[in-house]
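Beneath this line is the structure, given in structure tokens, with notes to follow.
As a basis for the values below, the full set of heavy atoms in this structure was taken, side chains included, without hydrogen atoms, waters or symmetry mates.
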Amino acid sequence: AQRVTQPEKLLSVFKGAPVELKCNYSYSGSPELFWYVQYSRQRLQLLLRHISRESIKGFTADLNKGETSFHLKKPFAQEEDSAMYYCALIYSNYQLIWGAGTKLIIKP
Amino acid sequence: GAGVSQSPRYKVAKRGQDVALRCDPISGHVSLFWYQQALGQGPEFLTYFQNEAQLDKSGLPSDRFFAERPEGSVSTLKIQRTQQEDSAVYLCASSRGVRETQYFGPGTRLLVL
């Protein structure tokens, strides 16, 4: 069955330190993965999708089919990166399967 | 332009009451989705519309849940005879088409007492 796992409920790092938010997936087909972010009191918004292979706000994510992972990385965390981050997988062309989310706290 | 809007933002219902949650998608967006997000969890898919057609309702948890989008724009999610386990945030999203980026509304937080 298709599943997305984010093993960390909470991740706390100091400003300027590297950040890695983990995401693992289970899917029998060719996966298409996303990272969504929810800042405090704001709505969910797309951060990046793997097919775009772009960097948004300094974040990147590489799809590793061998390890079935799509970890989100940023070399130098900023305080404004504090938010909830969700990894999601698209299934059957439109249905998003979501991880439980990781709360990222950037300490000053 | 305006984003996806949802109303009400908060709803408190007594167990057994019926509730109706509204979603106004981005103008011109063909696809519309409803998700349920329980506390501490990621969203879970409920149902999908393409224009006025409900193409997938496999995620609706019971026959107490009903969704419609009669004119292919505004959508309403109705929950009949609410139960405490229905307490969650209900999210609506719209997109230009299948596999396009989904844009989310602010959600409706439903609390059933």
Check whether B:F66 forms a cation-pi arrangement with B:K78 (NZ or CZ under 6.0 Å from the six-membered ring centre, at most 45° off the ring normal).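 No, B:K78 does not sit over the ring of B:F66.
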Let me know if [X] has heavy atoms under 4.5 Å from chain B in its side chain, its backbone, both or neither.
X: A:L46; answer: side chain
X: A:Q6; answer: neither
X: A:R49; answer: side chain
X: A:K103; answer: neither
X: A:Y94; answer: both

Between the side chains of A:Q2 and A:Y27, does any donor sit under 3.5 Å from an acceptor? no
Any donor-acceptor N or O pair under 3.5 Å, side chains A:Y36, A:Q38: no
B:F104 ring center near B:Y35 ring center (under 6.0 Å): yes
Between A:F14 and A:F76, does the ring centre distance come in under 6.0 Å? no
Between A:I90 and the options A:L33, A:I97, A:L96, A:I51, the side-chain contact (heavy atoms from CB on, under 4.5 Å) test singles out A:L96
Tell me, for [X] versus chain A, whether the close heavy atoms (under 4.5 Å) come from the side chain, the backbone, both or neither.
X: B:S31; answer: neither
X: B:F33; answer: side chain
X: B:E100; answer: backbone

For chain A, which of B:G42, B:G59, B:P43, B:G107 has the most heavy-atom pairs under 4.5 Å?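 So the answer, after comparing B:G42, B:G59, B:P43, B:G107, is B:P43.
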Check step by step if side-chain hydrogen bond (donor to acceptor under 3.5 Å, both in side chains) holds for B:T47 and B:Q54. CA-CA 7 Å; B:T47 187; B:Q54 188 175 22; 2.7 Å; yes
